[in-house]
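Presented below is the structure to which this report refers.
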Amino acid sequence: MTDRATMKCVLVEAPHSMRIDERPVPRPTQGQVRVRVHFAGICGSDLHIYHGDHPYVEFPRVIGHEFAGVIDAVGSGVPQSRIGERVAVTPVISCGDCTSCRAGRPNVCLNLKVVGVHVEGGFAEYCCVPEALACALPAGVDDRSAATVEPFSIAANMLSRTGVSADDCALVYGAGPIGMTVVQALKGVHGVAPLIVADRLDDRLDRARSAGADMVINVDRTPLDETLARHGLAPTLIIDAACHPAILEQAMRIAAPAARIGLMGFGATPSAVSQQILNRKELTICASRLNNLKFPEVIEWMRRGQINPAQFISHTFAAQRVQEAFDLLETDPTACSKVLLDFTAA
Ligand SMILES: [Zn+2]
Ligand SMILES: [Zn+2]
């Protein structure tokens, strides 16, 4: 346990106002563990919070919901034996009692709280969370990889909603960070072939190819539908990780009958849906939010080497340089995949 009185954390005080704050080290209350954070990942939704266009956040807020470290203190009711455990923290706090929770869907709990959004997050040297959120890591999963369990859990949840079979012809729209976790899971875990990835940026498509994509299509140069038709391909599984409202309409058009379409976006702009196409092909459209207890599964993928977090992580910044890291993500997104903050020396 630390004898330090204060810690550093990343505070968003108001839209466009972010700084390193010095605060008392939090004490774990009943049922909580305190995590000494080692590495934390920056998510697109953190950028939305910074810009003030995140629908749920309240300011001021210590942000960060992708993080891992080691338990250094526990509150009452938590076994002392957990101190020293290396953990990745899932950000989903559910009530356990509402209709969603009782239906086995705690990630859409009616009283849902997300760490780093509704409560103080993991861009801090120390963060207290309910014990159940801290998932033990095996020795084979290193500290940086551990900070990417959360983004991979987004892919795991989406694919558990759509289902995946090795016979699927899969198409992923978007080879940004979210798309890349899906590509790695489809290839490394499920062995899907063919796996097709569509994007507008060659750098991202190169990354998708090295992660195992069998075919990459730059949709600015070649229309997607023509390319698929020319190769006689009709996707049976489509994941939209590019999240433009026009994609759903195209996806439904190019999908094979009985295909599943997974949507990962959070935009408020409606998409056009033809009931004729939907029902003629009997398509399934799947939504997915956060993760439903997927951390153990993703940690196992990492332990077995089925996914490659090192390929996913493009940059690591010392936590003090958080503004620089945000600026890089905004000004040069094609150069970035997952950007981590290092809190070990904060
Ligand atoms: Zn995230
Ligand atoms: Zn609930």
Side-chain angles (χ1 to χ4, degrees), residues 32-43 64-72 74 78-79 81-94 104-107 114-116 121-123 127-164 177-192 211-212 264 288-313 316 337-344:
Q32 283 189 330
V33 295
R34 183 171 68 199
V35 177
R36 171 67 178 93
V37 177
H38 288 166
F39 291 93
I42 302 173
C43 177
H65 59 273
E66 304 177 2
F67 61 103
V70 59
I71 294 176
D72 93 311
V74 297
V78 181
S81 60
R82 293 209 68 181
I83 293 174
E85 199 178 287
R86 297 175 60 245
V87 292
V89 178
T90 176
V92 181
I93 303 176
S94 54
R105 305 283 285 273
N107 53 321
V114 180
V115 176
F123 285 2
C127 181
C128 292
V129 295
E131 178 193 14
L133 271 58
C135 302
L137 294 162
V141 176
D142 66 85
D143 285 356
R144 280 166 208 254
S145 299
T148 70
V149 173
E150 199 279 340
F152 279 105
S153 78
I154 301 295
N157 205 72
M158 182 80 258
L159 297 179
S160 76
R161 299 277 297 140
T162 59
V164 189
I178 299 282
M180 286 305 295
T181 61
V182 175
V183 168
Q184 283 204 21
L186 282 172
K187 206 52 168 181
V189 179
H190 299 283
V192 165
M264 307 191 84
S288 179
R289 183 160 188 205
L290 297 163
N291 83 93
N292 182 355
L293 308 173
K294 295 294 177 204
F295 267 47
E297 182 180 332
V298 171
I299 291 167
E300 187 58 16
W301 294 353
M302 286 186 183
R303 193 188 64 76
R304 292 197 196 134
Q306 292 177 298
I307 51 173
N308 184 355
Q311 199 227 17
F312 178 54
I313 299 165
T316 303
S337 189
K338 182 52 68 181
V339 177
L340 297 186
L341 297 175
D342 179 352
F343 283 88
T344 57

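None of these values were measured; they are calculated from a predicted model.
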Which heavy-atom pair separates [X] from [Y] by the least distance, and what is that distance?
X: Pro91; Y: Asn291; answer: CD-ND2, 4.5 Å
X: Arg86; Y: Pro138; answer: NH1-O, 3.3 Å
X: Lys187; Y: Gly212; answer: CE-O, 3.1 Å
X: Ala88; Y: Ala68; answer: CA-CB, 3.9 Å
X: Ser145; Y: Met302; answer: O-CE, 3.4 Å
X: Pro309; Y: Thr148; answer: CB-OG1, 3.6 Å

Would you give the length of the straight line joining atom [atom1] of [X] to atom [atom2] of [Y], rounded to the nearest 0.5 angstrom?
X: Ile71; Y: Gln32; atom1: CD1; atom2: CD; result: 11.5 Å
X: Leu293; Y: Cys135; atom1: CG; atom2: SG; result: 8.5 Å
X: His38; Y: Leu340; atom1: NE2; atom2: CG; result: 13.5 Å
X: Phe343; Y: Asp143; atom1: CZ; atom2: CG; result: 14.0 Å

### Task
Return the set of residues passing salt bridge (Lys or Arg N to Asp or Glu O under 4.0 Å) with Arg144 (not counting sequence neighbours), or none when no residue passes.
none
#### Entry: Non-neighbouring partners of Arg82 that pass salt bridge (Lys or Arg N to Asp or Glu O under 4.0 Å), sequence neighbours left out
Glu85, Glu131
### Message
Run the side chain to side chain contact (heavy atoms under 4.5 Å, CB included) test on Phe295 and Glu150 for me, step by step, so that the C-alpha distance in whole Å, both residues' side-chain angles and the decisive distance to 0.1 Å come before the verdict.
### Response
CA-CA 7 Å; Phe295 267 47; Glu150 199 279 340; 3.8 Å; yes
Is the backbone N or O of [Y] less than 3.5 Å from a side-chain atom of [X], with the two atoms forming a donor-acceptor pair by type?
X: Gln184; Y: Asn308; result: yes
X: Asn292; Y: Asn107; result: no
X: Arg36; Y: Thr344; result: yes

### Query
Can you list the residues that meet the ring pair (Phe, Tyr, Trp, His ring centres under 6.0 Å) rule with Phe152, with sequence neighbours excluded?
Phe312
### Query
For residues 129-148, which residue pairs qualify under ring pair (Phe, Tyr, Trp, His ring centres under 6.0 Å), counting only residues two or more places apart or in two chains?
none
## Note on the structure
Residues at least two apart in sequence or cross-chain that pass side-chain hydrogen bond (donor to acceptor under 3.5 Å, both in side chains) with Arg304, listed by chain then number, are Glu300, Gln306
### Task
Apply side chain to side chain contact (heavy atoms under 4.5 Å, CB included) to the pair Ile42 and Phe123, showing each step before the final yes or no.
CA-CA 9 Å; Ile42 302 173; Phe123 285 2; 4.0 Å; yes
## Note on the structure
The side chain to side chain contact (heavy atoms under 4.5 Å, CB included) partners of Leu186 (sequence neighbours excluded) come to Leu159, Val164, Ala170, Val172, Val182, Val192, Leu195, Leu237
### Query
Quick one: are Val92 and Leu133 in side-chain contact, heavy atoms under 4.5 Å?
no
### Query
Can you find a heavy atom in the side chain of Thr181 that is under 4.5 Å from one in the side chain of Lys338?
no
### Task
For Asn157 and Ser288, test the side chains for any donor-to-acceptor distance below 3.5 angstrom and give the result as yes or no.
yes
### Task
Apply side chain to side chain contact (heavy atoms under 4.5 Å, CB included) to the pair Ile154 and Met158, showing each step before the final yes or no.
CA-CA 6 Å; Ile154 301 295; Met158 182 80 258; 5.8 Å; no
### Derivation and outcome, side chain to side chain contact (heavy atoms under 4.5 Å, CB included), residues Thr90 and Ser153
CA-CA 9 Å; Thr90 176; Ser153 78; 5.8 Å; no
